[in-house]
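To start, the structure itself, in structure tokens.
Computed from a prediction, not measured in an experiment: that's the story for all the values here.
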Amino acid sequence: MSLGSGRRARGRTAALPGTDTGAPATGRIGSWALAGLVLLLSALVVLLDVVTGEDLRVIPLLVVVPALASVFCTLRQTVWVAVWITVVVVGSGLGGDGTFWDFVFGIGFTVLACALGVAACAARIRHATEMDRLRSAAVALQRQILRPLPVITGQVSAYGLYEPMEEDRFVGGDIYEVVESPYGTRVIIGDVQGKGIAAIGAGFAAIAAFREAAVREPTLTGVVQALEDAVVRHNVFSAQTGEAERFVTALVLGFDEEDGVQVVNCGHLPPRLLHEGCASAVPLERTYVPLGLAGLSRETRAEESFALPPGGTLLVVTDGVTEARDAARAFYPLDRRLEGWAGHGPRELLEALHLDLETFTGGMRRDDVAALALCRAPGDGEPRPTTAAAEDVRPVAGAVSD
């Protein structure tokens, strides 16, 4: 499951983040409530106009109502409001003592104001519809880049938490993927260096290379070398087009049928192991340079192994978790928090982490947050879901993180 952001997307509209696509079709105010408000306002203004008489005409103030309706209502509602206001102004003019030209000017001004309100409403709805189409196309593309979670393979159950830094965005700067291959299940989680649209390409290059190499390469180091080559090729292309070169910090994991896990750490945070009420960082001997920077180092990347016992959960996170700050600028104490969650299953662990991060930061995140909770399949004993049936999903597309 993809917690938090997936929940927000489900609460809005069919996976279109940051939009309220129902507003153009149904309006933000019910028709009966709108009718009551307009009738009440009209009655108050007419009564005030009768009280003030010819010394102070307040009926013209009603032309503001269609303008307000154009912001919050549907086109049909706005037209109804405009017609009603025109009728009220005309009726008031017919019963008034003003001159003929005062009457004509008042009616003309009212009709013009109402027409502008209707036109503004139509323009707003047209713009909102176009933005919905663009976001829908972006969502369709993003779903092809990073798959929804959970993913359950023959070796591992992978559950996920993803929270973009910007509330109205569907994508952020953290990348992940889970691939079942003839050599076991391969997993990657990482960050792309830099910000902005230009950084997205490096994340796409790494993800595409991982999907292919995870199935093709018999060794985890072979997978990492393919990722390195892909990021380097992307940087060559970026230099030719005048864009900045990027590197990618990544943790690449391999799971087979046994209890062992293979890992190559390319400048990323080490995983945390939760088992039998204890939580601790997995001690890795080597941390290598990030992907794209192997040419600056003489070290040859090599894989390490550690045990993931049955019933244990492996938590891998990005620096959006460990570098989250509270109001006093203190860093989030992940390891201390994990001590109290060591008995949680993968779902409960991510739920607790998400809620605690929101409380700790006061909802003011300064970086994207991504975490994967990995355990041996079938994990929590549930039947293996298909991708289409995965609950609480919100895929991420990689690449605009520090």
Side-chain angles (χ1 to χ4, degrees), residues 2 5 138-151 153 156 158-164 169-181 183-217 220-238 243 245-255 263-269 290-294 301 316-320 368-372 374 387 390 393-402:
S2 182
S5 53
V139 168
L141 175 62
Q142 291 150 11
R143 288 191 180 278
Q144 302 304 314
I145 296 165
L146 275 151
R147 72 176 68 204
L149 293 172
V151 173
T153 70
V156 67
Y159 299 86
L161 161 66
Y162 181 75
E163 286 283 350
R169 293 189 60 169
F170 197 78
V171 301
D174 300 332
I175 62 173
Y176 71 83
E177 182 57 293
V178 180
V179 175
E180 189 171 15
S181 77
Y183 313 103
T185 299
R186 270 76 184 268
V187 178
I188 184 174
I189 186 170
D191 287 339
V192 179
Q193 175 258 339
K195 291 183 178 292
I197 298 300
I200 293 177
F204 290 176
I207 288 297
F210 179 79
R211 286 173 174 164
E212 179 181 353
V215 177
R216 183 189 68 231
E217 298 292 338
L220 202 62
T221 52
V223 175
V224 173
Q225 185 58 50
L227 293 173
E228 174 71 26
D229 294 341
V231 175
V232 169
R233 286 194 300 269
H234 174 78
N235 284 337
V236 170
F237 176 78
S238 296
E243 296 177 357
E245 298 181 4
R246 310 284 172 175
F247 63 80
V248 182
T249 66
L251 189 69
V252 185
L253 304 160
F255 297 82
V263 58
V264 179
N265 188 352
C266 301
H268 201 75
L269 298 168
L291 300 173
L293 300 181
R301 295 185 179 108
V316 291
V317 302
T318 59
D319 59 9
D368 306 304
V369 170
L372 297 180
L374 310 166
T387 300
V393 295
R394 185 177 182 185
V396 305
V400 279
S401 165
D402 283 330

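- To the nearest 0.5 Å, the span separating CG on L251 from CD1 on I189 amounts to 8.0 Å.
- Counting all heavy atoms, side chain and backbone alike, G160 lies closest to L372 at CA-CD2, 4.0 Å.
- To the nearest 0.5 angstrom, I207 atom CD1 is 5.5 Å from I188 atom CD1.
- Remark: Y183 engages S181, R186, P218 in a side-chain contact (heavy atoms from CB on, under 4.5 Å) (not counting sequence neighbours).
- Checking side-chain atoms of N235 against main-chain N and O of R246 turns up a donor-acceptor pair under 3.5 Å.
- To the nearest 0.5 Å, the span separating CG on L291 from CZ on F247 amounts to 10.5 Å.
- R216 meets the salt bridge (Lys or Arg N to Asp or Glu O under 4.0 Å) test with E212; sequence neighbours excluded.
- Using modelled atom types, no side-chain atom of E217 and backbone atom of A226 make a donor-acceptor pair closer than 3.5 Å.
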Practice task
Using the side-chain contact (heavy atoms from CB on, under 4.5 Å) rule, take F210 and V223 through it: C-alpha gap first, then chi angles, then the decisive distance, then the call.
Solution key: CA-CA 7 Å; F210 179 79; V223 175; 3.8 Å; yes
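- A donor-acceptor distance shorter than 3.5 angstrom exists from the side chain of E228 to the backbone of G292, with no hydrogens or angles considered.
- In this structure, the side chain of H268 does not engage the main chain of P290 through any donor-acceptor pair within 3.5 Å.
- Atoms OG1 and CG, from T185 and L253 in turn, are 11.0 Å apart once rounded to the nearest 0.5 Å.
- With Y176 contributing its side chain and R147 its backbone, the two residues share a donor-acceptor pair below 3.5 Å.
- Shortest non-hydrogen contact noted between V317 and A371 is CG1-CB, 3.7 Å.
- Partners of Q225 under the side-chain hydrogen bond (donor to acceptor under 3.5 Å, both in side chains) rule, at least two apart in sequence or in another chain, are D229.
- Considering V187, L220, V263 in turn, L220 is the only one that fulfils the side-chain contact (heavy atoms from CB on, under 4.5 Å) rule with V252.
- Screening V248, L269, T249 against D191 for a side-chain contact (heavy atoms from CB on, under 4.5 Å) leaves a single residue, T249.
- With F255 as reference, L374 is the one residue of L374, T153, V178 to meet the side-chain contact (heavy atoms from CB on, under 4.5 Å) rule.
- Every side-chain hydrogen bond (donor to acceptor under 3.5 Å, both in side chains) that T221 has, sequence neighbours left out, goes to T219.
- Residues forming a side-chain contact (heavy atoms from CB on, under 4.5 Å) with A206 (at least two apart in sequence, or on another chain): I175, V231.
- Under the side-chain hydrogen bond (donor to acceptor under 3.5 Å, both in side chains) criterion, T318 pairs with D174, sequence neighbours left out.
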